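One structure below.
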Amino acid sequence: MNTTSQSAADREKRELASLRWTGDYLEMLDQRLLPEQIIFLALQEAEEVWEAIFSMKVRGAPAIGIAAAYGVYLGIRHYEPVGSSERERRLDLERKVNEVADRLATSRPTAVNLFWALDRIRRLASGWGTADVLDSSIDDLKKAVLREAVRIQEEDETTCRLIGEHALSLFQDGMGVLTHCNAGGLATARYGTALAPFYLAKAQGWKLKVFADETRPVLQGARLTAFELQQAGIDVTLICDNMAGMVMAKGWIQAVIVGTDRIAANGDVANKIGTYSVAVLAKAHGIPFYVASPLSTIDMNTPTGEQIPIEERHESEITEGFGKRTAPQGVKVFNPAFDVTPNEYVTAIITEKGIVRPSYKENLPKLFQ
Ligand code: MRU
């Protein structure tokens with residue numbers, strides 16, 4: 001894997017994209033190094049994509065899904081399928097697609113976009129031994145996987161823009177809005193989900209005041225949200241997670257908006273650890289709590305939040321989170337990466353198809369009809 005760094009001058013010129021297909025390899029911004037260093041990785045192998053998702057070089061539900069889709073292509077592009085007929089060779093390539101997808105699916109458990117994107121690729125490959133594709137060469141089929149990955153990325157940009165437009169209809173010029181974690185351009189193809197309305201508001205001359213929770217333990221709010229909003233010239237104030245109640249009590253927050261990693265069929269929302277506390281605080285202060293979510297993050301196969309698998313990460317994220325040890329050796333640590341906000345705390349879910357309000361059990365299925 002090669003790396004390239006970007007100078008301050010380059011940075012001025014181009015908006016930072018977390019993922020870019022160069023025509024030869026997947027260029028990935030190493031988000032672990034932000035905001036101090038802008039380093040791009042050149043990923044050539046599916047296994048490198050697996051490692052990048054696992055170690056959070058790329059993170060954020062939609063971006064993880066996009067990366068995995070490219071990962072499948074990287075995993076099959078040099079594969080020589082075996083078989084005594086063209087049909088057998090196509091079937092072997094389909095088997096390989098599923099093998100690579102199975103591996104990538106083990107990289108992180110909570111964000112459903114990973115599985116959603118891999119399923120899209122699996123569906124594309126299913127039936128490669130049938131008459132419908134008999135005219136396609138092995139190379140054509142491989143290219144079809146790449147095209148699907150590009151499509152997933154392009155669709156995500158459109159989706160995020162639409163989410164931003166719907167979200168903006170809930171805001172007013174001058175409002176204070178609090179967000180948690182990073183659900184911005186870095187976590188998606190572009191714009192973000194929860195951060196999209198901030199970009200659109202800025203474009204129409206509104207002055208929203210954004211408060212970004214720093215988001216312990218990995219600090220996505222400080223390292224990513226504060227960084228990308230500041231770069232875009234948006235008024236952002238960074239606070240520690242435990243300051244959210246105080247800024248709400250001061251009357252500085254008129255809305256909360258967050259992204260999500262998975263929404264269950266009853267509207268329970270899994271998102272970055274700490275989101276639940278923010279939702280409870282919002283309710284206590286009579287502040288609306290909005291969740292920005294593409295349809296690809298709504299998992300109608302998971303009935304409630306209780307069935308959402310919650311990733312637990314290494315204890316060092318807490319005991320050495322600031323680059324030096326900040327806790328006694330041997331202390332017991334609990335480090336869930338996500339929590340579930342029960343649906344009764346969620347004022348509305350903002351999707352590319354519009355704004356959904358309770359009852360989520362009744363209204364979420366309508367999105368998929
Ligand atoms: O652990 P991360 O950084 O991948 O978690 C990210 C989040 O929880 C985001 O809020 C979520 O994925 C939404 S991104 C549009």
Side-chain angles (χ1 to χ4, degrees), residues 16 18-19 28-39 41 49-65 67-68 107-114 178-188 192-195 210-231 236-244 256-262 269-279 292 297 308-327 331-341:
L16 279 185
S18 49
L19 295 163
M28 178 183 285
L29 175 65
D30 189 341
Q31 296 192 33
R32 292 173 323 167
L33 304 177
L34 291 172
E36 288 134 321
Q37 289 180 58
I38 298 185
I39 302 282
L41 310 169
V49 177
W50 184 95
E51 195 282 328
I53 297 173
F54 177 77
S55 64
M56 292 173 66
K57 290 172 182 153
V58 62
R59 32 67 52 206
I64 291 172
S107 52
R108 289 191 80 187
T110 304
V112 76
N113 304 61
L114 171 67
L178 184 135
T179 190
H180 188 77
C181 192
N182 173 263
L186 293 166
T188 60
T193 55
L195 301 196
V210 182
F211 286 80
D213 283 348
E214 70 172 350
T215 318
R216 279 279 281 148
V218 178
L219 304 177
Q220 288 92 334
R223 296 192 298 103
L224 308 175
T225 298
F227 169 74
E228 67 167 270
L229 293 183
Q230 193 188 50
Q231 284 237 320
V236 58
T237 303
L238 178 64
I239 56 171
C240 297
D241 300 345
N242 52 7
M243 297 169 190
V256 174
I257 187 165
V258 295
T260 169
D261 293 86
R262 192 185 300 223
V269 172
N271 191 45
K272 180 51 54 194
I273 190 72
T275 303
Y276 173 38
S277 317
V278 175
T297 310
I308 298 177
I310 299 295
E311 176 183 12
E312 285 187 34
R313 294 188 65 88
H314 198 268
E315 61 179 48
S316 58
E317 285 182 353
I318 294 182
T319 57
E320 295 161 36
F322 295 96
K324 74 188 259 287
R325 183 120 197 139
T326 53
V331 72
K332 278 198 285 180
V333 170
F334 175 50
N335 184 20
F338 302 95
D339 60 25
V340 173
T341 300

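Since the model is a prediction, treat every value here as computed from it, not as a measurement.
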Point to revise | Ser316 versus Glu320, side-chain donor and acceptor atoms under 3.5 Å | key: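 Note: Glu320 and Ser316 side chains miss the donor-acceptor criterion.
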
**Study point:** Any side-chain donor near an acceptor of the partner, Asn182 and Glu228, under 3.5 Å
**Key:** yes

Would you compute the distance between atom [atom1] of [X] and atom [atom2] of [Y] and round it to the nearest 0.5 angstrom?
| X | Y | atom1 | atom2 | answer |
| --- | --- | --- | --- | --- |
| His180 | Ile239 | NE2 | CD1 | 10.0 Å |
| Thr215 | Gln220 | OG1 | CD | 6.0 Å |
| Leu41 | Gln31 | CG | CD | 10.5 Å |
| Glu36 | Phe227 | CD | CZ | 10.5 Å |
| Asp261 | Cys181 | CG | SG | 7.5 Å |
| Leu238 | Arg223 | CG | CZ | 12.0 Å |

Please check if the side chain of [X] supplies one atom and the backbone of [Y] the other of a donor-acceptor pair under 3.5 Å.
| X | Y | answer |
| --- | --- | --- |
| Asn335 | His314 | yes |
| Thr179 | Val258 | no |
| Thr260 | Ala270 | yes |

Minimum side-chain heavy-atom gap [X]-[Y] below 4.5 Å:
| X | Y | value |
| --- | --- | --- |
| Ser107 | Val49 | no |
| Asn271 | Thr341 | no |
| Val269 | Thr275 | no |
| Arg59 | Leu224 | yes |
| Asn113 | Ile64 | no |

Practice item. Quick one: list whatever passes side chain to side chain donor-acceptor pair (under 3.5 Å) with Asp339, sequence neighbours left out. Key: none

So which atom in [X] and which in [Y] form the shortest heavy-atom distance, rounded to 0.1 Å?
| X | Y | result |
| --- | --- | --- |
| Ala337 | Arg108 | CB-NH2, 4.5 Å |
| Ala194 | Ala292 | N-CB, 3.6 Å |
| Gly221 | Ala212 | O-CB, 4.3 Å |
| Thr225 | Ala183 | OG1-N, 4.5 Å |
| Phe338 | Thr110 | CD1-OG1, 3.4 Å |
| Ala52 | Met28 | CB-SD, 3.5 Å |

Practice item. Tell me, please, which residues at least two apart from Leu29 pass side-chain contact (heavy atoms from CB on, under 4.5 Å). Key: Leu16, Leu34, Ile38, Phe40, Leu186

Check your understanding: Should the heavy atoms of other residues, nucleotides or ligands under 6.0 Å from CZ of Phe211 be counted, would the total exceed 12?
Key ->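 It does: Phe211 CZ has more than 12 such atoms within range.
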
